[in-house]
Amino acid sequence: MPIIEVTNLRKTYGEHVAVDDVSFHVEQGEIFGILGTNGAGKTTTVECLQGLRTPDSGTMSVLGLDPGKDHNALRQRLGSQLQESRLPEKLKVQEALDLYASFYANPADTGDLLAKLGLTAQRNKYFGKLSGGQKQRVSIALALVGSPEVAVLDELTTGLDPHARRDTWKLVEGVRDTGVTVLLVTHFMEEAERLCDRLAVFDAGRVVATGTPAELRDRTGKSTLDDAFVTLTGRD
Ligand SMILES: Nc1ncnc2c1ncn2[C@@H]1O[C@H](COP(=O)(O)OP(=O)(O)OP(=O)(O)O)[C@@H](O)[C@H]1O
């Protein structure tokens, strides 16, 4: 049974149709990528899946729960990365981890998590004094602190240098290897190619293709995912 199932999802903001007839499913233990042009409806879709937005129509199931009705139960089992780092400047890294850990019934060991993310030396630093990459890693730690079964990572490596980006990819693969299902929203084709088992390509509120990176390349006759993406989103 899929861990995530989305069927005919539609969400409008006033007159604007942000997500239109979107369907896809995610199997347990996959890294599933949501790729798309700017404003394609990726964030709106993952916000609906987390119960943060109410769709106009369609059905969704995450871990067998309805995100709208079972929001509290789902919150215990789903971890989410903040798209932008929004923590108080004067909160220390360890304090942020401890605070978030207190929201969950079965939190991870925060010392282990900080070590895995290379943040041990920063544990007593104020959040406001961290570099962009360090803030990003804190936001990933916060997504994982509740020992989630599903982790939603939105713009995972935005702002990271190439070394930190590769380290983060390894980390996400390690998370997947522990059985966590990862939903990854990304703009980076290299990241999608390297990390994602399967992808859904979004364009203007719709899913225009789903498949493995190799399937999407084959289907479009292109040798790179970047070119396949451009073809699938109709800008070729
Ligand atoms: N709260 C809102 N009110 C009105 N319109 C919104 C709101 N949030 C998003 N939109 C619009 O809905 C569309 C989809 O936005 P969404 O943020 O889901 O796209 P996205 O694929 O995540 O984009 P990006 O890659 O640029 O982050 C966009 O046209 C956006 O302007």
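All ligand and atom numbering here is 1-based and tracks the order in the structure.
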Just one of Leu183, Val152, Thr45 clears the side-chain contact (heavy atoms from CB on, under 4.5 Å) bar with Gln50, so which one?
-> Val152

For ligand 1, which atoms, with element, lie under 4.0 Å from some heavy atom of His187?
-> 25 (O)

Nearest neighbour of atom 13 (C) of ligand 1 from the list Glu15, His16, Glu47, on a heavy-atom basis = His16

Output the distance between atom CD (Glu47) and atom CG (Asp154), rounded to the nearest 0.5 Å.
-> 8.0 Å

Do any nitrogen or oxygen atoms of Asn38 come within less than 3.5 Å of a nitrogen or oxygen of ligand 1?
-> yes

Between the CZ atom in Arg206 and the CG atom in Asp21, the distance rounded to the nearest 0.5 Å is 5.5 Å

Per the side-chain contact (heavy atoms from CB on, under 4.5 Å) rule, which among Val185, Thr168, Leu184 passes with Leu153?
-> Leu184

Listed partners of Phe188 passing ring pair (Phe, Tyr, Trp, His ring centres under 6.0 Å), at least two apart | none

For Glu193, all residues meeting side-chain contact (heavy atoms from CB on, under 4.5 Å), sequence neighbours excluded = Pro213, Arg217, Leu225

Who gets closest to atom 23 (O) of ligand 1 by heavy atom: Gly14, Ala40, Gly39?
-> Gly39

Less than 3.5 Å between some nitrogen or oxygen of Gly36 and one of ligand 1, yes or no?
-> no

Could an N or O of ligand 1 be found under 3.5 Å from any N or O of Ala18, whether backbone or side chain?
-> no

Pick from Thr43, Asp154, Val19: the one approaching atom 17 (O) of ligand 1 most closely through a non-hydrogen atom = Thr43

